[in-house]
Protein chains: 2
Amino acid sequence: MAPRHAALRSHSDRGSASPPRWKQIQAELEEWLSDGRFTPGSRLPTEEELAQQFAVHRHTVRRAVEQLKHDELLRVEQGKGIFVREPSLSYRMGRTTKLSSAATRHGRSLRYRLISVDLVQAIKFGSPLGLPKGHPLIRLQMVRILDGRNIALSWCYYPLPRFEGIAQLIASTGSISAAMKHYGVEEINRKSARVRAVAPTTQDAKILGIERSTPMLEIIHLAIDERKIPIEFSVTRYDGRYFDILIDF
Amino acid sequence: MAPRHAALRSHSDRGSASPPRWKQIQAELEEWLSDGRFTPGSRLPTEEELAQQFAVHRHTVRRAVEQLKHDELLRVEQGKGIFVREPSLSYRMGRTTKLSSAATRHGRSLRYRLISVDLVQAIKFGSPLGLPKGHPLIRLQMVRILDGRNIALSWCYYPLPRFEGIAQLIASTGSISAAMKHYGVEEINRKSARVRAVAPTTQDAKILGIERSTPMLEIIHLAIDERKIPIEFSVTRYDGRYFDILIDF
DNA sequence: ACGGATTTGTTCGTATGTATG
DNA sequence: ACATACATACGAACAAATCCG
């Protein structure tokens, strides 16, 4: 009464509702990714090797990989192998580095879409930009679009009256730094940045079309011009799946 | 059939299931926090001022604030005011800055708890530490504990044979840098860091006692000694609610 | 530029356990 | 108890893309 296939036995033998083998393998592979054994961009063993290691058929491994591909954790290329998916955009952060140049270096298009422009009653404000309370600010809300996909939501604050009409300039030039040039800003220098992991607000989720459970990377940053005068304060939340920061020392 | 109180009317008048007023206020306050109008540590207007702005009773504001306090977005101090909660630990990241010194500067205790130690069969490895494939590594998994609360989970990799027995040293000294001294490492320099926002794995969630929906900040970092030899590769995921990174330029 | 080796993609087939009615 | 449908898992063969000498 021995079953023909040993592997099938293990399937039927499973005690009270253990998950299917391919799901177990999926979980195992997820652990491999999460504990750093395989870092973004690195190649996994071949399907055949994985099948041997897990003592299953190649199809079973493929089923697990398919799921991880769907979850955007892995990337598979025919003839090449299985790779750990890297974020669409790696931002090498520095004092003067611009996000847009990081995008073009990757051969990607980064655009903005303006959502709203309003004047902020800056009564309880001031602190981030180092301005006195009550100083008027213009506030832009915009979506950052990478290769046609909404990847981030930003609020940017600019002090008035210096940057009167900046919204139109950003909209027409499609670039913040280009718009800034019109106001005599030659250099945009990052003064400080705060990085956090947060959950999207309901508005974030709606505008970016993501789940509330999608982790986001929030960057709060303050920029100054060449005379060390604060020119921009912004809060940006990036979809964590497509964005990361690289820091070299 | 006129309602006795005008306030009740507005409540009963709500069109198809609009949320209660305090929830609307909570949402509004959440937006204030998320769009950068109030940054971590800053003080909100007084309850009375808020009540006036929203044209509600102070109690209604208090109900909203209570919820936000429970969600750990706000912190209320009697006689002082309502403050935007800041992460328990702000890590000013630099080439030589240690996390532990960031903790002590905040007057907090940062400890480690070792969870597992194992030898890694480094067949498909090597790349992160710049070592040839097959190089043996020791892998530690540990929990970082801030003021008695588990805030992060780390995997740390150290090349063998150089760091033979480092687990015992870390456990006994309670410090990685102290343990490193025993191996002749005077300086631990950060070479590179990658920062991402990710969801916790099931294991993360279990060990740290958090929901799967809690965003985490993942830092993958590579450290070198004074002779530029790689000495540590680590992956750490921090509970996003209690941790952020500050970068000054 | 060619050819063989490697690796993933696709399509057959077989067998078994599970859920449904 | 039975028929049906579906998910799971293994086996074999070949196609297509890639790599390397």
Side-chain angles (χ1 to χ4, degrees), chain A residues 1-90 103-109 146-149 211 213 241-244 246, chain B residues 120-137 157 194 196 198-199 201-203 205-206 212 220 233 235:
Chain A
M1 62 136 289
R4 232 174 296 188
H5 308 291
L8 278 184
R9 169 134 46 98
S10 78
H11 180 247
S12 55
D13 265 359
R14 64 188 194 191
S16 56
S18 92
R21 195 74 183 93
W22 69 264
K23 280 207 175 186
Q24 298 175 23
I25 292 171
Q26 182 197 344
E28 179 72 19
L29 289 176
E30 271 180 31
E31 201 188 312
W32 287 15
L33 304 185
S34 69
D35 70 4
R37 240 177 293 189
F38 293 93
T39 47
S42 66
R43 217 198 93 188
L44 263 66
T46 65
E47 290 177 351
E48 199 53 61
E49 284 173 313
L50 289 171
Q52 279 179 25
Q53 276 193 42
F54 292 119
V56 295
H57 195 266
R58 194 177 139 227
H59 281 312
T60 312
V61 169
R62 282 179 64 80
R63 181 69 187 85
V65 169
E66 192 184 353
Q67 192 59 43
L68 292 168
K69 201 170 59 180
H70 180 263
D71 293 347
E72 309 198 73
L73 291 173
L74 292 180
R75 165 175 57 86
V76 182
E77 291 179 44
Q78 186 173 358
K80 295 181 74 172
I82 305 169
F83 300 87
V84 182
R85 206 179 168 295
E86 24 199 358
S88 300
L89 190 56
S90 280
T104 52
R105 189 154 24 77
H106 283 68
R108 293 163 182 286
S109 79
L146 184 70
D147 293 342
R149 173 187 262 149
E211 301 287 319
S213 59
R241 292 170 299 175
Y242 307 123
F243 186 80
D244 69 359
L246 288 179
Chain B
V120 179
Q121 290 293 11
I123 302 175
K124 301 116 199 141
F125 233 103
S127 38
L129 272 166
L131 295 170
K133 282 189 184 184
H135 197 106
L137 297 169
Y157 296 87
R194 183 193 282 262
R196 289 200 302 164
V198 295
T201 67
T202 40
Q203 201 193 15
K206 201 161 65 180
R212 285 300 300 266
I220 301 176
F233 167 72
V235 179

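Below, each value reflects all heavy atoms present in this structure, side chains not excepted, and no hydrogens, waters or symmetry copies. Order of the sequence lines fixes the chain letters, A, B, ..., with proteins taken first and strands second; residue numbering starts at 1 for each chain.
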- Those residues at least two apart in sequence (or on a different chain) that pass side-chain contact (heavy atoms from CB on, under 4.5 Å) with A:Thr46 are A:Arg43, A:Glu48, A:Glu49
- Query: Excluding sequence neighbours, so at least two apart, what forms salt bridge (Lys or Arg N to Asp or Glu O under 4.0 Å) with A:Lys80?
  - Reply: A:Glu77
- Contact check, residues 60-75 of chain A vs DNA chain D, heavy-atom distance under 4.0 Å, returns A:Thr60
- Message: Is it the case that the side chain of A:Ser42 and the backbone of A:Thr39 share a donor-acceptor pair, with hydrogens and angles ignored and the cut-off at 3.5 Å?
- Response: yes
- Roughly how many Å is it from CZ in A:Arg58 to C1' in C:dT10, rounded to a whole number? 9 Å
- Item | Partners meeting side-chain contact (heavy atoms from CB on, under 4.5 Å) with A:Glu72 (sequence neighbours left out) | A:Arg85, A:Arg149, A:Arg241, A:Tyr242
- Query: Under the salt bridge (Lys or Arg N to Asp or Glu O under 4.0 Å) test, which residues partner A:Asp244, sequence neighbours left out?
  - Reply: B:Arg194
- Using the C1' atoms of five pairs at each end, what's the angle between the two axes of the helix from C:dC2-D:dG21 to C:dG21-D:dC2, to 10 degrees? 10°
- Item | Parallel, tilted or perpendicular: ring planes of B:Phe233 versus B:Tyr157, cut at 30 and 60 degrees | tilted
- Tell me, please, which residues at least two apart from A:Glu30 pass salt bridge (Lys or Arg N to Asp or Glu O under 4.0 Å). none
- Who passes side-chain contact (heavy atoms from CB on, under 4.5 Å) against A:Gln67, sequence neighbours left out? A:Trp22, A:Gln26, A:Arg63, A:His70, A:Asp71
Check the interface with nucleotides 16-21 of chain D: list each N/O to N/O pair with the protein under 3.5 Å, or write none.
{"residue": "D:dA16", "atom": "N3", "partner": "A:Gln78", "partner atom": "NE2", "Å": "3.1"}

- Item | salt bridge (Lys or Arg N to Asp or Glu O under 4.0 Å) partners of B:Arg212, counting only residues at least two apart | none
- Task: Provide, to the nearest angstrom, the distance between the CD atom belonging to A:Gln52 and the P atom belonging to D:dG11.
- Result: 12 Å
- Task: Measure from CZ on A:Arg21 to P on D:dC10 and round the result to the nearest Å.
- Result: 8 Å
- Nearest whole angstrom, please: distance from the C1' of D:dG11 to the CD of A:Glu47. 15 Å
- Consider the side chain of A:His59, meaning its heavy atoms from C-beta on, and name the nucleotide among D:dG11, C:dG9, C:dT7 that approaches it most closely. D:dG11
- Query: Taking only residues two or more places apart in sequence or in another chain, which ones pass side chain to side chain donor-acceptor pair (under 3.5 Å) with B:Thr201?
  - Reply: B:Asp204
- Between NE2 of A:His57 and C1' of D:dA7 the distance, given in whole Å, is 17 Å
- Task: Round to a whole Å and report the spacing from CD of A:Glu49 to P of C:dT6.
- Result: 11 Å
- side-chain contact (heavy atoms from CB on, under 4.5 Å) partners for A:Gln24, two or more places apart: A:Ser18, A:Pro19, A:Arg21
- Task: Go through D:dC10, C:dG9, D:dA9 for me and flag the one nearest to the A:Val56 side chain.
- Result: D:dC10
